[in-house]
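Both ligands and their constituent atoms are indexed starting at 1 by order of listing.
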Amino acid sequence: MGGEQRIPQHVAIIMDGNGRWAKKRLLPRSAGHRAGMNRMIALSEHVFDSGVRFCTLYALSAENLRRPQEEVDALFSLFREYFKKKVELLKKKNIALKVIGDRTLLPADIVQLIEGGEAYTAEGTRGTLLLAIAYGARQEIVQAVNAAVAAGRAVDAEGFSRLLSTAGIPDPDLIIRTGRERRLSNFLLWQAAYAELYFTDRLFPDFGNRDLDRALADFAQRERRFGNV
Ligand code: IPE
Ligand code: IPE
Ligand code: MG
(Lines give C-alpha, C1' and ligand atoms only; values in the text may rest on other atoms or scores of the structure.)
(Ligands and ions follow the chains in the order given, each with its own letter.)
Protein backbone atom coordinates (compact mmCIF):
# COMPACT_ATOMS: atom_id res chain seq x y z
CA MET A 1 0.00 0.00 0.00
CA GLY A 2 2.81 2.46 0.83
CA GLY A 3 2.31 5.79 2.51
CA GLU A 4 2.38 6.34 6.21
CA GLN A 5 0.92 3.82 8.60
CA ARG A 6 -1.88 5.12 10.78
CA ILE A 7 -0.74 4.83 14.37
CA PRO A 8 -3.40 4.89 17.09
CA GLN A 9 -2.90 7.79 19.46
CA HIS A 10 -4.14 5.77 22.43
CA VAL A 11 -3.87 2.00 22.81
CA ALA A 12 -5.47 0.20 25.76
CA ILE A 13 -4.62 -3.40 26.63
CA ILE A 14 -6.66 -5.85 28.71
CA MET A 15 -3.88 -8.11 29.92
CA ASP A 16 -5.66 -11.42 30.43
CA GLY A 17 -4.51 -15.03 30.60
CA ASN A 18 -1.76 -15.09 33.22
CA GLY A 19 -3.47 -17.80 35.26
CA ARG A 20 -4.03 -20.11 32.28
CA TRP A 21 -0.44 -19.54 31.14
CA ALA A 22 0.75 -20.82 34.53
CA LYS A 23 -1.72 -23.69 34.60
CA LYS A 24 -0.48 -24.97 31.24
CA ARG A 25 2.97 -25.19 32.79
CA LEU A 26 1.75 -26.73 36.06
CA LEU A 27 2.93 -23.62 37.88
CA PRO A 28 1.11 -21.61 40.58
CA ARG A 29 -1.01 -18.69 39.28
CA SER A 30 1.44 -16.26 40.89
CA ALA A 31 4.12 -17.48 38.45
CA GLY A 32 1.79 -16.46 35.63
CA HIS A 33 1.40 -13.02 37.16
CA ARG A 34 5.19 -12.66 37.42
CA ALA A 35 5.61 -13.63 33.78
CA GLY A 36 2.83 -11.18 32.90
CA MET A 37 4.54 -8.40 34.85
CA ASN A 38 7.81 -8.91 32.98
CA ARG A 39 5.98 -8.93 29.67
CA MET A 40 4.05 -5.79 30.61
CA ILE A 41 7.23 -3.86 31.31
CA ALA A 42 8.87 -4.78 27.99
CA LEU A 43 5.66 -4.38 26.01
CA SER A 44 4.88 -0.90 27.30
CA GLU A 45 8.33 0.26 26.12
CA HIS A 46 7.56 -1.13 22.69
CA VAL A 47 4.15 0.57 22.57
CA PHE A 48 5.70 4.02 23.00
CA ASP A 49 8.58 3.20 20.63
CA SER A 50 5.89 2.47 18.03
CA GLY A 51 4.69 6.07 18.13
CA VAL A 52 1.70 5.62 20.44
CA ARG A 53 1.26 8.59 22.80
CA PHE A 54 -1.14 7.17 25.40
CA CYS A 55 -1.20 3.60 26.63
CA THR A 56 -3.62 2.24 29.20
CA LEU A 57 -2.87 -1.13 30.79
CA TYR A 58 -5.64 -2.97 32.63
CA ALA A 59 -3.65 -4.69 35.36
CA LEU A 60 -6.27 -5.30 38.05
CA SER A 61 -10.02 -4.81 38.13
CA ALA A 62 -11.96 -3.85 41.25
CA GLU A 63 -13.67 -7.24 40.88
CA ASN A 64 -10.30 -9.05 40.81
CA LEU A 65 -9.82 -8.00 44.44
CA ARG A 66 -12.48 -10.57 45.37
CA ARG A 67 -10.18 -13.41 44.27
CA PRO A 68 -8.72 -15.65 47.01
CA GLN A 69 -6.61 -13.60 49.43
CA GLU A 70 -3.49 -15.57 48.55
CA GLU A 71 -3.69 -14.47 44.92
CA VAL A 72 -4.47 -10.85 45.77
CA ASP A 73 -1.51 -10.79 48.17
CA ALA A 74 0.75 -12.25 45.48
CA LEU A 75 -0.34 -9.50 43.08
CA PHE A 76 0.38 -6.76 45.62
CA SER A 77 3.79 -8.30 46.39
CA LEU A 78 4.68 -8.25 42.70
CA PHE A 79 3.57 -4.63 42.51
CA ARG A 80 5.84 -3.72 45.45
CA GLU A 81 8.74 -5.59 43.85
CA TYR A 82 8.50 -4.10 40.35
CA PHE A 83 6.90 -0.70 40.64
CA LYS A 84 9.97 1.46 41.36
CA LYS A 85 12.00 -0.13 38.54
CA LYS A 86 9.16 0.52 36.16
CA VAL A 87 8.86 4.14 37.29
CA GLU A 88 12.61 4.66 36.73
CA LEU A 89 12.25 3.34 33.18
CA LEU A 90 9.34 5.67 32.51
CA LYS A 91 11.26 8.64 33.89
CA LYS A 92 14.23 7.83 31.63
CA LYS A 93 11.92 7.60 28.63
CA ASN A 94 10.20 10.91 29.48
CA ILE A 95 6.82 9.23 29.98
CA ALA A 96 4.32 10.31 32.62
CA LEU A 97 2.58 7.72 34.78
CA LYS A 98 -1.04 8.03 35.80
CA VAL A 99 -2.83 5.39 37.85
CA ILE A 100 -6.61 5.04 37.56
CA GLY A 101 -8.92 3.01 39.80
CA ASP A 102 -10.29 3.09 43.33
CA ARG A 103 -7.36 3.74 45.65
CA THR A 104 -9.50 3.19 48.74
CA LEU A 105 -9.39 -0.53 47.82
CA LEU A 106 -5.57 -0.64 47.94
CA PRO A 107 -3.14 -1.05 50.86
CA ALA A 108 -1.75 2.28 52.13
CA ASP A 109 1.86 1.53 51.16
CA ILE A 110 0.81 0.83 47.58
CA VAL A 111 -1.13 4.09 47.40
CA GLN A 112 2.05 5.83 48.59
CA LEU A 113 4.13 4.16 45.88
CA ILE A 114 1.57 5.23 43.28
CA GLU A 115 1.51 8.85 44.43
CA GLY A 116 5.32 8.95 44.49
CA GLY A 117 5.55 7.46 40.99
CA GLU A 118 3.03 9.90 39.54
CA ALA A 119 4.77 12.92 41.07
CA TYR A 120 8.23 11.69 39.97
CA THR A 121 7.19 11.28 36.31
CA ALA A 122 4.70 14.16 36.10
CA GLU A 123 6.92 16.20 33.74
CA GLY A 124 7.06 13.41 31.14
CA THR A 125 6.12 14.85 27.75
CA ARG A 126 6.70 11.97 25.35
CA GLY A 127 3.58 10.10 26.37
CA THR A 128 1.42 8.93 29.25
CA LEU A 129 1.13 5.43 30.65
CA LEU A 130 -2.17 4.89 32.44
CA LEU A 131 -2.17 1.92 34.76
CA ALA A 132 -5.64 0.69 35.73
CA ILE A 133 -5.50 -0.87 39.18
CA ALA A 134 -8.57 -1.67 41.32
CA TYR A 135 -10.37 -0.15 38.33
CA GLY A 136 -14.01 -0.59 37.36
CA ALA A 137 -15.71 1.43 34.63
CA ARG A 138 -19.17 1.31 36.18
CA GLN A 139 -17.78 2.52 39.50
CA GLU A 140 -15.95 5.30 37.66
CA ILE A 141 -19.15 6.37 35.87
CA VAL A 142 -21.18 6.34 39.10
CA GLN A 143 -18.50 8.44 40.78
CA ALA A 144 -18.71 10.96 37.94
CA VAL A 145 -22.52 11.09 38.13
CA ASN A 146 -22.30 11.78 41.84
CA ALA A 147 -19.75 14.53 41.22
CA ALA A 148 -22.12 16.18 38.73
CA VAL A 149 -25.03 15.88 41.17
CA ALA A 150 -22.94 17.34 44.00
CA ALA A 151 -21.99 20.27 41.75
CA GLY A 152 -25.70 20.74 41.07
CA ARG A 153 -25.43 21.13 37.33
CA ALA A 154 -26.28 19.16 34.21
CA VAL A 155 -23.36 18.14 32.01
CA ASP A 156 -22.97 17.32 28.32
CA ALA A 157 -20.85 14.41 27.07
CA GLU A 158 -17.66 16.47 27.05
CA GLY A 159 -18.31 17.78 30.52
CA PHE A 160 -19.00 14.25 31.71
CA SER A 161 -15.70 13.00 30.26
CA ARG A 162 -13.93 15.61 32.35
CA LEU A 163 -15.37 14.05 35.52
CA LEU A 164 -13.85 10.65 34.76
CA SER A 165 -10.42 9.47 35.89
CA THR A 166 -9.25 9.79 32.26
CA ALA A 167 -10.01 13.54 32.12
CA GLY A 168 -7.80 15.21 29.55
CA ILE A 169 -6.75 11.90 27.95
CA PRO A 170 -8.10 11.20 24.45
CA ASP A 171 -10.40 8.17 24.18
CA PRO A 172 -8.69 4.89 23.26
CA ASP A 173 -8.48 4.30 19.50
CA LEU A 174 -7.63 0.63 19.87
CA ILE A 175 -8.44 -1.80 22.68
CA ILE A 176 -6.54 -5.08 22.61
CA ARG A 177 -7.60 -8.05 24.75
CA THR A 178 -5.32 -11.04 25.11
CA GLY A 179 -6.30 -14.43 26.52
CA ARG A 180 -9.15 -15.61 24.29
CA GLU A 181 -12.20 -13.93 25.92
CA ARG A 182 -14.22 -11.52 23.80
CA ARG A 183 -15.46 -9.04 26.40
CA LEU A 184 -14.54 -5.75 28.07
CA SER A 185 -14.90 -6.90 31.70
CA ASN A 186 -15.82 -3.45 33.08
CA PHE A 187 -12.98 -1.62 31.30
CA LEU A 188 -13.34 1.97 29.98
CA LEU A 189 -17.02 1.52 29.10
CA TRP A 190 -17.65 5.20 28.44
CA GLN A 191 -14.34 5.90 26.73
CA ALA A 192 -14.62 2.83 24.46
CA ALA A 193 -17.59 4.26 22.50
CA TYR A 194 -15.71 4.33 19.16
CA ALA A 195 -12.64 2.23 19.97
CA GLU A 196 -11.55 -0.44 17.52
CA LEU A 197 -11.54 -3.81 19.29
CA TYR A 198 -8.85 -6.43 18.73
CA PHE A 199 -9.04 -9.86 20.35
CA THR A 200 -6.29 -12.43 20.36
CA ASP A 201 -6.06 -15.95 21.77
CA ARG A 202 -2.48 -15.33 22.97
CA LEU A 203 -2.22 -15.53 26.74
CA PHE A 204 -0.74 -12.28 28.02
CA PRO A 205 2.72 -13.61 29.02
CA ASP A 206 3.05 -14.91 25.42
CA PHE A 207 1.89 -11.66 23.80
CA GLY A 208 5.14 -10.51 22.20
CA ASN A 209 6.22 -7.23 20.65
CA ARG A 210 5.56 -8.75 17.21
CA ASP A 211 1.99 -9.52 18.32
CA LEU A 212 1.54 -5.86 19.15
CA ASP A 213 2.89 -4.96 15.70
CA ARG A 214 0.23 -7.25 14.20
CA ALA A 215 -2.52 -5.52 16.18
CA LEU A 216 -1.23 -2.10 15.07
CA ALA A 217 -1.13 -3.26 11.44
CA ASP A 218 -4.70 -4.54 11.77
CA PHE A 219 -5.77 -1.18 13.18
CA ALA A 220 -4.15 0.63 10.26
CA GLN A 221 -6.45 -1.28 7.87
CA ARG A 222 -9.68 -0.33 9.61
CA GLU A 223 -12.01 2.31 8.33
CA ARG A 224 -13.36 4.42 11.17
CA ARG A 225 -16.57 6.23 10.40
CA PHE A 226 -17.80 7.57 13.77
CA GLY A 227 -21.35 7.31 12.51
CA ASN A 228 -20.62 9.19 9.33
CA VAL A 229 -20.83 7.83 5.77
C1 IPE B 1 -5.04 -11.41 34.04
O2 IPE B 1 -4.84 -12.76 34.16
C3 IPE B 1 -4.41 -10.65 35.19
C4 IPE B 1 -5.37 -10.27 36.24
C5 IPE B 1 -6.66 -10.23 36.09
C6 IPE B 1 -4.82 -9.91 37.52
P7 IPE B 1 -5.87 -13.73 34.92
O8 IPE B 1 -5.35 -13.89 36.31
O9 IPE B 1 -7.25 -13.28 34.79
O10 IPE B 1 -5.60 -15.04 34.09
P11 IPE B 1 -6.66 -16.14 33.67
O12 IPE B 1 -7.78 -15.44 32.97
O13 IPE B 1 -7.12 -16.80 34.93
O14 IPE B 1 -5.91 -17.05 32.77
C1 IPE C 1 -10.06 -8.63 33.07
O2 IPE C 1 -9.68 -9.94 33.24
C3 IPE C 1 -9.31 -7.76 34.03
C4 IPE C 1 -7.88 -7.65 33.77
C5 IPE C 1 -7.21 -8.24 32.80
C6 IPE C 1 -7.16 -6.83 34.69
P7 IPE C 1 -10.56 -10.95 34.13
O8 IPE C 1 -9.86 -12.26 34.09
O9 IPE C 1 -10.81 -10.37 35.46
O10 IPE C 1 -11.93 -10.97 33.32
P11 IPE C 1 -13.12 -12.00 33.35
O12 IPE C 1 -13.39 -12.34 34.79
O13 IPE C 1 -12.68 -13.21 32.58
O14 IPE C 1 -14.24 -11.29 32.66
MG1 MG D 1 -8.72 -13.69 33.40
Side-chain angles (χ1 to χ4, degrees), residues 10-44 46-47 54-83 86 97-107 110-111 113-114 117 129-143 164-166 169 172 174-192 195-208 211-212 215:
H10 181 176
V11 174
I13 308 177
I14 302 173
M15 306 184 293
D16 194 22
N18 294 348
R20 279 162 287 160
W21 183 92
K23 192 173 178 195
K24 256 180 33 186
R25 289 165 178 74
L26 307 177
L27 293 168
R29 290 180 61 83
S30 60
H33 292 314
R34 182 176 291 278
M37 182 70 101
N38 283 313
R39 191 78 279 278
M40 174 177 103
I41 289 171
L43 184 69
S44 59
H46 184 61
V47 172
F54 301 90
C55 176
T56 301
L57 299 174
Y58 198 11
L60 190 71
S61 70
E63 290 75 21
N64 288 151
L65 292 169
R66 295 198 290 258
R67 288 185 181 187
Q69 198 55 49
E70 189 193 345
E71 178 162 352
V72 174
D73 287 344
L75 285 164
F76 286 149
S77 295
L78 277 170
F79 185 92
R80 291 184 182 100
E81 188 182 331
Y82 281 87
F83 187 72
K86 176 66 199 164
L97 171 74
K98 186 176 162 62
V99 177
I100 59 173
D102 184 353
R103 293 184 194 184
T104 67
L105 301 176
L106 298 172
I110 293 211
V111 175
L113 281 172
I114 289 171
L129 179 76
L130 290 99
L131 200 54
I133 297 176
Y135 176 84
R138 284 188 165 178
Q139 296 87 322
E140 178 188 38
I141 289 167
V142 166
Q143 167 282 134
L164 298 171
S165 62
T166 50
I169 309 284
L174 172 64
I175 297 180
I176 298 170
R177 182 174 185 140
T178 67
R180 286 205 278 277
E181 315 300 351
R182 268 75 173 150
R183 54 180 174 250
L184 290 177
S185 301
N186 206 14
F187 184 52
L188 300 180
L189 298 181
W190 170 273
Q191 299 89 334
E196 297 295 327
L197 306 179
Y198 182 91
F199 298 102
T200 166
D201 289 349
R202 276 267 202 283
L203 303 172
F204 185 70
D206 291 330
F207 186 77
D211 293 310
L212 180 88

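Given atom 7 (P) of ligand 1, the protein heavy atom at minimum distance is Asp16 OD1, 3.5 Å. Looking from atom 1 (C) of ligand 1 to the surrounding protein, the closest heavy atom is Met15 O, 3.0 Å. Looking at atom 8 (O) of ligand 1, its nearest protein heavy atom turns out to be Arg67 NH1, 2.7 Å. In terms of protein heavy-atom proximity, atom 5 (C) of ligand 1 is nearest to Asn64 OD1, 3.2 Å. Distance from atom 6 (C) of ligand 2 to its nearest protein heavy atom, with residue and atom name: Tyr58 O, 3.3 Å.
When atom types are taken as modelled, the side chain of Arg177 and the backbone of Ile175 share no donor-acceptor pair closer than 3.5 angstrom. Judged by distance alone, with hydrogens and angles left aside, the side-chain atoms of Thr166 form no donor-acceptor pair with the main-chain N or O of Ile169 at under 3.5 Å. Using modelled atom types, no side-chain atom of Gln143 and backbone atom of Leu164 make a donor-acceptor pair closer than 3.5 Å. A donor-acceptor pair is defined here as one N or O able to donate and one able to accept, closer than 3.5 Å; no such pair exists between the side chain of Arg20 and the backbone of Asp16. Tyr58 places a side-chain N or O within donor-acceptor distance of the main-chain N or O of Ser185, the cut-off being under 3.5 Å.
For Glu181, the CD atom sits in a packed shell: over 12 heavy atoms of surrounding residues, nucleotides or ligands are nearer than 6.0 Å. In this structure, Arg25 places its CZ atom where more than 12 heavy-atom neighbours from other residues, nucleotides or ligands lie under 6.0 Å away.
Below 4.0 Å from some heavy atom of Ile14 lie the following atoms of ligand 2, by number and element: 5 (C). Remark: ligand 1 atoms within the under-4.0 Å shell around heavy atoms of Ala59 are 4 (C), 6 (C). Counting the atoms of ligand 2 from 1 in the order shown, those under 4.0 Å from a heavy atom of Ser185 are 1 (C), 10 (O), 11 (P), 14 (O). Using a 4.0 Å cut-off to heavy atoms of Arg183, the atoms of ligand 2 that qualify are 11 (P), 13 (O), 14 (O). Per-residue contacts place Leu60 under 4.0 angstrom from the following atoms of ligand 2 (heavy atoms of the residue considered): 6 (C). Atoms of ligand 1 found under 4.0 Å from any heavy atom of Arg29 (numbered from 1 in listed order, with element): 7 (P), 8 (O), 10 (O), 13 (O). Annotation for ligand 1: atoms under 4.0 Å from non-hydrogen atoms of Arg20 are 11 (P), 12 (O), 14 (O).
Using a 4.0 angstrom heavy-atom cutoff, Arg66 does not count as in contact with ligand 2. Within the 4.0 Å heavy-atom shell around ligand 1 one finds Gly17.
Protein non-hydrogen atoms do reach within 4.0 Å of atom 10 (O) of ligand 2.
Using a 4.0 Å cut-off between charged side-chain N and carboxylate O, Arg34 and Glu81 make a salt bridge.
Under 2.8 Å from the Mg ion (ligand 3) lies no N/O/S atom of Glu181, from backbone or side chain alike.
For the pair Glu181 and ligand 2, the shortest N or O to N or O distance does not fall below 3.5 Å. An N or O contact shorter than 3.5 Å links Arg177 to ligand 2 by distance.
Residues Ile176 and Ile14 fail the side-chain proximity criterion, which asks for heavy atoms closer than 4.5 Å. Proximity of Asp102 to Tyr135: side-chain heavy atoms (C-beta onward) are nowhere separated by under 4.5 Å. The closest side-chain heavy-atom distance from Arg180 to Arg202 is not below 4.5 Å.
Of the residues Val47, Ile133, Ile13, Val11, the one that meets the side-chain contact (heavy atoms from CB on, under 4.5 Å) test with Leu57 is Ile13.
The proximity of His33 to ligand 1, defined as any non-hydrogen pair under 4.0 Å, is limited to the side chain.
For Asp16, the N, O or S atom with the smallest separation from the Mg ion (ligand 3) is OD1.
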